[in-house]
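A note on names: the letters A, B, ... follow the listed sequences, proteins ahead of strands, and every chain is numbered from 1. Just so it is clear, the model here is predicted, and its values are computed rather than measured.
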Protein chains: 2
Amino acid sequence: MEYEQLKLDNQLCFRLYTAARLTMGAYHPYLDPLGITYPQYLVLLVLWEQDKQPVNDIAHKLLLETNTVTPLLQRMEKAGLVKRTKGKEDTRQRIVSLTKKGIEMREQAKHIPECLSDEIIQITGEEEEFVRMIPSLDKLIEGLKKQQTNQ
Amino acid sequence: MEYEQLKLDNQLCFRLYTAARLTMGAYHPYLDPLGITYPQYLVLLVLWEQDKQPVNDIAHKLLLETNTVTPLLQRMEKAGLVKRTKGKEDTRQRIVSLTKKGIEMREQAKHIPECLSDEIIQITGEEEEFVRMIPSLDKLIEGLKKQQTNQ
DNA sequence: CAAATTTATATCGTTCACGATGCAAAAGTA
DNA sequence: TACTTTTGCATCGTGAACGATATAAATTTG
């Protein structure tokens with residue numbers, strides 16, 4: 001069948017696309033009570049690990065463009081989670097730092113990863129299978145990242 | 001470290017989220033010349049396999065909500081790729097069918113899956129590793145789907 | 001040092017993605 | 001048959017994601 005490939009290959013990309021959407025959905029019960037979204041949670045994770053970072057560093061760690069991260073941070077600032085101040089050495093930079101509310105949310109979010117792990121294990125029976133997927137995903141991400149920046 | 005988990009678990013979800021975005025990005029060079037987006041390409045794949053389907057069937061196959069698919073189809077209709085007609089048996093339904101342009105695009109898109117496979121192989125060295133990921137992703141998707149509809 | 005280039009962020013426009021809500025048609029129930 | 005519920009789709013509002021473009025500050029170059 002000439003068009004058989006059209007069905008077949010979407011396998012990987014379509015599944016990644018779907019799995020990503022559904023796992024993000026699995027965060028909803030935990031993030032909704034905190035009033036944050038999954039991408040906002042990612043920003044908090046980055047800042048909890050190291051406070052006071054310029055927009056660029058945050059974007060780079062999340063592999064997002066700054067024009068995605070800037071509005072995200074603006075919404076988080078409006079929500080009182082972070083504040084954005086001008087950089088002292090390089091005044092082009094905007095240094096993003098956690099507010100009291102942003103710092104305190106760490107405590108409330110402490111159990112989310114554990115809850116989600118448990119949920120995935122409960123849903124799928126075993127954990128190892130998914131732990132094994134991680135290096136493959138990293139390899140794919142690393143390769144695609146290079147592909148898209150170099151050329 | 002009390003907060004160690006916060007870093008660790010994002011492993012899976014963050015990687016899925018990132019891998020999905022980047023692989024969708026890898027479609028750009030092939031879809032841009034056709035003037036379609038990745039979700040629109042997915043809709044076309046569904047219709048190429050079987051023409052004339054109600055909105056609901058398309059949404060169900062893509063695991064998307066109808067309120068995502070409806071605007072998507074409206075844009076595709078405006079672009080002249082599909083038309084949407086009222087259902088005859090059930091007049092609530094909107095039957096989506098391919099236009100001449102939509103049918104002809106199949107020929108132009110024929111090689112996309114092959115190109116993408118090649119690219120992934122070239123980027124990452126081997127194919128098997130990613131073929132092996134597919135059943136795991138299916139298991140995850142299936143489980144999360146149940147979780148989110150049942151409760 | 002002045003001019004050109006790069007860098008850090010912001011803004012704009014378009015397209016998803018989805019919760020909430022609305023509405024009309026179909027299906028089920030009394 | 002009248003009434004209630006469900007179903008199929010549409011609309012609205014919000015938050016990503018990102019390409020394109022803008023702007024000011026830093027850096028490089030001549």
Would you name the heavy atoms of R15(B) and I134(A) that are closest together and state the gap between them? NE-CG2, 3.3 Å
Could you check how far CG of N56(B) sits from C1' of dA25(C), rounded to whole Å? 14 Å
Donor-acceptor pair, side chain of R84(A) and main chain of R94(A), under 3.5 angstrom: no
Bounds of contact between DNA chain D and chain A, in 5' to 3' order, using a heavy-atom cut-off under 4.0 Å: dG15(D) to dA26(D)
Determine whether the aromatic ring centres of residues Y41(A) and Y30(A) are separated by less than 6.0 angstrom. no
Starting at the 5' end of DNA chain D and moving along, which residue's nearest nucleotide shows up first, P71(B) or D90(B)? D90(B)
Is the shortest side-chain N/O distance from Y38(B) to OP1 or OP2 of dT15(C) below 4.0 Å? no
In whole angstrom, give the distance that lies between atom CE of M24(B) and atom C1' of dT14(C). 14 Å
Is the shortest side-chain N to carboxylate O distance from E142(A) to K145(A) below 4.0 Å? yes
On DNA chain C, check which nucleotide each of Q40(B) and Q93(A) is closest to and give me the residue with the more 5' one. Q93(A)
Looking for any heavy atom pair under 4.0 Å, which part of the strands does T68(A) touch: base, sugar-phosphate only, or nothing? base
Can you tell me the distance, in whole Å, between the CZ atom of R75(A) and the P atom of dT11(C)? 12 Å
Figure out the CZ/C1' separation between R84(A) and dA8(C), and round it to whole Å. 13 Å
Note: I95(B) and G87(B) closest approach over all heavy atoms is CG1-CA, 3.8 Å
Whole-Å gap separating P (dC18(C)) and CG (L144(B)): 13 Å
Grab the OH-C1' distance between Y17(A) and dC16(C) for me, whole Å please. 7 Å
Is the shortest distance from a Lys or Arg side-chain nitrogen in E107(A) or K110(A) to a carboxylate oxygen in the other one below 4.0 Å? yes
So CG of L81(B) and CG of L98(B): to nearest 0.5 Å the spacing works out to 8.5 Å
So what does T66(A) hit on the nucleic acid, given a heavy-atom distance under 4.0 Å: a base, only sugar-phosphate, or nothing? base
Roughly how many Å is it from CG in L73(A) to C1' in dA10(C), rounded to a whole number? 12 Å
Report yes if at least one side-chain N or O of T91(B) is closer than 4.0 Å to OP1 or OP2 of dA24(C); otherwise report no. no
Side chain of R92(B), base of dA25(C): donor and acceptor closer than 3.5 Å? yes
Write down the distance between CG (N67(B)) and P (dT15(C)), rounded to a whole number of angstrom. 17 Å
By nearest-nucleotide position on DNA chain D, the 5'-leaning member of P54(B) and P39(A) is P54(B)
Would you mind telling me which residue lines up with the more 5' stretch of DNA chain C, K88(B) or I95(A), judged by nearest nucleotide? I95(A)
